[in-house]
Amino acid sequence: MENLQILSYRLKLLRYAGNLRLVDINNLSKLYEEVSPNAYRQWENQLRVPNVQSLITISNIFAVSLDWLVGRVDDPYDEKVIERLEKELYPVTFSVENQMVQCIPGFWQVSEKYDDIKLRRENYSLDVRSNILYLFQQLRLMKESPNAFIRRGDGKIYFNTDVVSDEFKRNLHELLDAPQECFNPVLVLDLKEADKKLSKEIEQDNQPKRIRKSNTGFMVRHQLTSKG
């Protein structure tokens with residue numbers, strides 16, 4: 001089935017774009033409904049078909065639409081999907097010892113252009129908003145990190161920003177600051193660029209091979225070329 005091929009490719013594309021291992025997908029999926037590494041591998045290889053809830057989990061993690069995942073549309077981003085996730089995930093807060101701890105203060109100042117939904121629609125493209133949400137999902141995972149929260153002298157509990165890598169802070173800062181800086185930030189999940197690279201790799205892997213005997217007598221595999 002063509003749609004099954006599209007689904008398996010796009011699942012692989014998401015993992016490829018994020019440079020994620022199967023275990024990374026498994027960890028992120030625990031935010032919703034757990035997906036085992038083996039199940040995801042089987043989906044990528046068209047050995048099994050994910051159920052609806054699993055597809056929703058993947059859609060939520062990467063902030064892409066279900067219609068795109070299953071091949072019904074070509075654009076991965078949908079305003080309604082992204083806005084729903086923004087309402088769920090922003091601001092990123094945790095309940096710790098009956099206190100609501102906000103993770104945002106400490107490593108960036110969120111501009112009013114992102115804070116206000118109307119200004120957000122006007123100033124942030126859907127791919128940037130999707131990338132920000134993907135980083136918010138990773139931030140939620142950090143709750144489980146050792147020493148993720150610290151109690152300061154005022155008795156309040158704070159999110160320990162030391163558990164967040166400098167690269168993560170830089171990526172999120174650039175995405176949130178894109179409208180003010182008037183430049184296109186480097187996307188953490190650049191699906192267009194990843195699609196070009198992954199398609200090329202798959203094409204190279206699928207090229208027919210021929211076997212010739214080398215001067216040393218060992219069998220050497222060569223890709224067939226147009227010259228034969």
Side-chain angles (χ1 to χ4, degrees), residues 1-29 35-52 54-79 81-82 125-135 137-138 167-168 171 174-175 178 183-228:
M1 293 175 60
E2 182 180 356
N3 278 23
L4 182 56
Q5 292 176 338
I6 293 174
L7 171 61
S8 67
Y9 176 79
R10 288 179 175 172
L11 289 171
K12 187 176 296 183
L13 176 63
L14 289 169
R15 192 163 66 86
Y16 183 90
N19 194 27
L20 299 171
R21 302 166 299 167
L22 289 167
V23 68
D24 297 325
I25 296 286
N26 172 246
N27 288 332
L28 283 165
S29 72
V35 172
S36 73
N38 186 52
Y40 202 92
R41 182 188 297 110
Q42 290 181 322
W43 301 342
E44 285 187 357
N45 291 287
Q46 301 180 52
L47 299 176
R48 284 176 56 189
V49 179
N51 60 37
V52 173
S54 295
L55 287 174
I56 291 173
T57 292
I58 301 303
S59 169
N60 287 339
I61 289 171
F62 294 101
V64 295
S65 76
L66 283 172
D67 281 343
W68 176 77
L69 273 177
V70 300
R72 295 182 63 185
V73 298
D74 294 328
D75 190 343
Y77 309 113
D78 179 89
E79 176 72 43
V81 171
I82 288 176
S125 61
L126 288 179
D127 58 349
V128 169
R129 289 166 66 186
S130 173
N131 271 244
I132 291 172
L133 286 169
Y134 171 65
L135 291 180
Q137 299 285 24
Q138 293 193 351
E167 181 183 8
F168 183 96
N171 288 335
E174 287 186 0
L175 288 167
F183 72 99
N184 293 322
V186 176
L187 297 177
V188 181
L189 290 173
D190 191 337
L191 296 183
K192 288 183 179 179
E193 188 61 29
D195 183 35
K196 294 177 186 176
K197 292 180 180 178
L198 181 58
S199 297
K200 186 175 182 179
E201 287 186 13
I202 291 175
E203 183 180 353
Q204 290 175 342
D205 289 342
N206 289 338
Q207 283 186 356
K209 305 285 193 304
R210 71 179 181 183
I211 299 177
R212 72 170 177 83
K213 205 169 187 178
S214 72
N215 293 333
T216 60
F218 292 102
M219 304 305 286
V220 182
R221 299 185 70 85
H222 281 268
Q223 290 185 349
L224 288 171
T225 66
S226 57
K227 296 181 180 179

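Reckoned from all heavy atoms, side chains included, excluding hydrogens, waters and symmetry mates. Residues take their numbers from the sequence shown, with the count starting at 1. Note that this is a predicted model, so its numbers are computed, not measured.
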Original post:
Shortest non-hydrogen contact from Q137 to I61?
Top reply: CG-O, 3.6 Å

Original post:
Passes salt bridge (Lys or Arg N to Asp or Glu O under 4.0 Å), D24 versus R21? Steps please.
Top reply: CA-CA 5 Å; D24 297 325; R21 302 166 299 167; 3.0 Å; yes

Subject >> Side chain proximity check, L69 to L14, heavy atoms < 4.5 angstrom >> reply: yes

Original post:
What is the distance from atom CG of L4 to atom CZ of R48, rounded to the nearest 0.5 Å?
Top reply: 12.5 Å

Subject >> Results of ring-ring contact (aromatic ring centres under 6.0 Å, His included) for W68 - residues two or more places apart only >> reply: none

Subject >> Nearest atoms (heavy-atom pairs only) where S36 meets N26 >> reply: CA-ND2, 3.9 Å

Original post:
Does one side chain, of S130 or D127, offer a donor that lies under 3.5 Å from an acceptor on the other?
Top reply: no

Can you give the donor-acceptor pairs under 3.5 Å from side chains of residues 70-77 to other protein atoms, not counting sequence neighbours?
from: R72; atom 1: NH1; to: D67; atom 2: OD1; distance (Å): 3.4
from: D75; atom 1: OD1; to: Y77; atom 2: N; distance (Å): 3.0

Subject >> Non-hydrogen atoms of A39 and V35 that approach each other most closely >> reply: CB-CG1, 4.5 Å

Original post:
L66 versus I58: any side-chain heavy-atom pair under 4.5 Å?
Top reply: no

**OP:** To the nearest 0.5 angstrom, please state how far the CG atom of L191 sits from the CG atom of L13.
**Re:** 5.5 Å

Subject >> Nearest-0.5 Å distance, OG1 of residue T57 to CD1 of residue I25 >> reply: 11.0 Å

Subject >> CG on L198 to CZ on R15, rounded to 0.5 Å >> reply: 10.0 Å

Subject >> S59 side chain vs L55 backbone, donor-acceptor pair below 3.5 Å >> reply: no

Original post:
Does L187 reach the side chain of Y134, with side-chain heavy atoms less than 4.5 Å apart?
Top reply: no

Subject >> Atom pair OG (S8) and CG (N3), whose distance is rounded to the nearest 0.5 Å >> reply: 10.5 Å

**OP:** For the residue pair V81 and V64, establish whether any side-chain heavy-atom pair is separated by less than 4.5 Å.
**Re:** no

Original post:
Atom CG of N38 and atom CH2 of W43: how far apart are they, to the nearest 0.5 Å?
Top reply: 10.5 Å

Original post:
Can you name the closest pair of heavy atoms from L135 and F168 and give their distance?
Top reply: O-CZ, 3.3 Å

Original post:
Do Q5 and Y9 meet the criterion of a side-chain donor-acceptor pair at a distance under 3.5 Å?
Top reply: no

**OP:** Kindly indicate whether the side chain of Y40, heavy atoms from C-beta on, has any atom under 4.5 Å from the side chain of L20.
**Re:** no

